[in-house]
Student: 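Below you'll find the structure I mean.
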Amino acid sequence: QVQLVESGGGLVQPGGSLTLSCAASGRTFSMGWFRQAPGKEREFVAAINKISKTTAYADSVKGRFTISGDAKNTLSLEMTSLKPEDTAMYYCAARSLPVISTLAESYDSWGQGTQVTVST
């Protein structure tokens with residue numbers, strides 16, 4: 001397992017933008033972002049295969065969010081046109097296989113989360 005530390009969360013107005021970052025303590029092959037709102041289950045947001053650069057997005061964020069990763073084991077999630085329904089705790093996750101997954105249970109390592117609140 002690797003240690004993951006998220007940053008970049010905060011309060012933003014509807015229509016605004018925010019970029020989340022995740023620093024990994026070691027090499028990772030596939031990483032993803034998940035989110036969990038109060039009273040709801042954790043849901044998939046986006047994932048990337050850092051070798052092939054293949055990406056996947058939840059339908060609710062497609063066209064608004066962009067996931068990217070670099071060789072320094074940093075993962076980013078650029079979020080634009082934010083909506084109140086995007087409000088949640090966002091978690092970074094990593095798995096040792098170079099295959100992206102939308103399933104939370106397929107990830108080996110998780111960060112502590114960073115809060116994103118979209119509100120006026």
Student: If Ile, Leu, Val, Met, Phe, Trp and Tyr residues are connected whenever their side-chain heavy atoms lie under 4.5 Å apart, and connections chain through other members, are F44 and V61 in the same group?
Tutor: no

Student: Check step by step if salt bridge (Lys or Arg N to Asp or Glu O under 4.0 Å) holds for D59 and K62.
Tutor: CA-CA 5 Å; D59 288 342; K62 200 171 294 184; 3.2 Å; yes

Student: Identify, with sequence neighbours excluded, every residue that meets side-chain hydrogen bond (donor to acceptor under 3.5 Å, both in side chains) alongside S106.
Tutor: S101

Student: Can you see which heavy atom on F29 is nearest to which on S96, and at what distance?
Tutor: CD1-O, 3.2 Å

Student: Please name the pair of heavy atoms, one in M31 and one in I67, separated by the smallest distance, quoted to 0.1 Å.
Tutor: O-CD1, 4.2 Å

Student: If I compare all heavy atoms of G32 with all of L75, which pair ends up nearest, and what's the gap?
Tutor: O-CD2, 3.9 Å

Student: With side chains defined as the heavy atoms from C-beta onward, is the minimum distance between T28 and N73 less than 4.5 Å?
Tutor: yes

Student: Which residues pass the ring-ring contact (aromatic ring centres under 6.0 Å, His included) test with Y107, sequence neighbours left out?
Tutor: F34

Student: Going by the rule salt bridge (charged side-chain N to carboxylate O under 4.0 Å, His left out), which residues pair with R27 if we only count those two or more places apart in sequence or in a different chain?
Tutor: none

Student: Find out whether M79 and Y90 are in side-chain contact, i.e. whether some heavy atom of one side chain is under 4.5 Å from a heavy atom of the other.
Tutor: yes

Student: Just to verify, what does E43 make a side-chain hydrogen bond (donor to acceptor under 3.5 Å, both in side chains) with, not counting sequence neighbours?
Tutor: R35

Student: Any non-hydrogen side-chain atom of F65 less than 4.5 Å from a side-chain atom of L77?
Tutor: yes

Student: Please determine whether residues V116 and Y91 belong to a single hydrophobic cluster, defined as Ile, Leu, Val, Met, Phe, Trp and Tyr linked transitively by side-chain heavy-atom distances below 4.5 Å.
Tutor: no

Student: Testing the basics here: between R64 and T80, what is the closest heavy-atom pair and its distance to 0.1 Å?
Tutor: O-OG1, 2.8 Å

Student: Can you list everything that forms a side-chain hydrogen bond (donor to acceptor under 3.5 Å, both in side chains) with T66? Sequence neighbours excluded, please.
Tutor: none

Student: How about T117 and S119: does a side-chain donor come under 3.5 Å of a side-chain acceptor?
Tutor: no

Student: Quick one: does E6's side chain get under 4.5 Å of W33's, heavy atoms only?
Tutor: yes

Student: Is it the case that over 12 heavy atoms from other parts of the model lie below 6.0 angstrom from the CD atom of Q3?
Tutor: no

Student: List the atom pairs, with distances to 0.1 Å, where a side-chain N or O of residues 12-22 and a protein N or O form a donor-acceptor pair under 3.5 Å, not counting sequence neighbours.
Tutor:
none

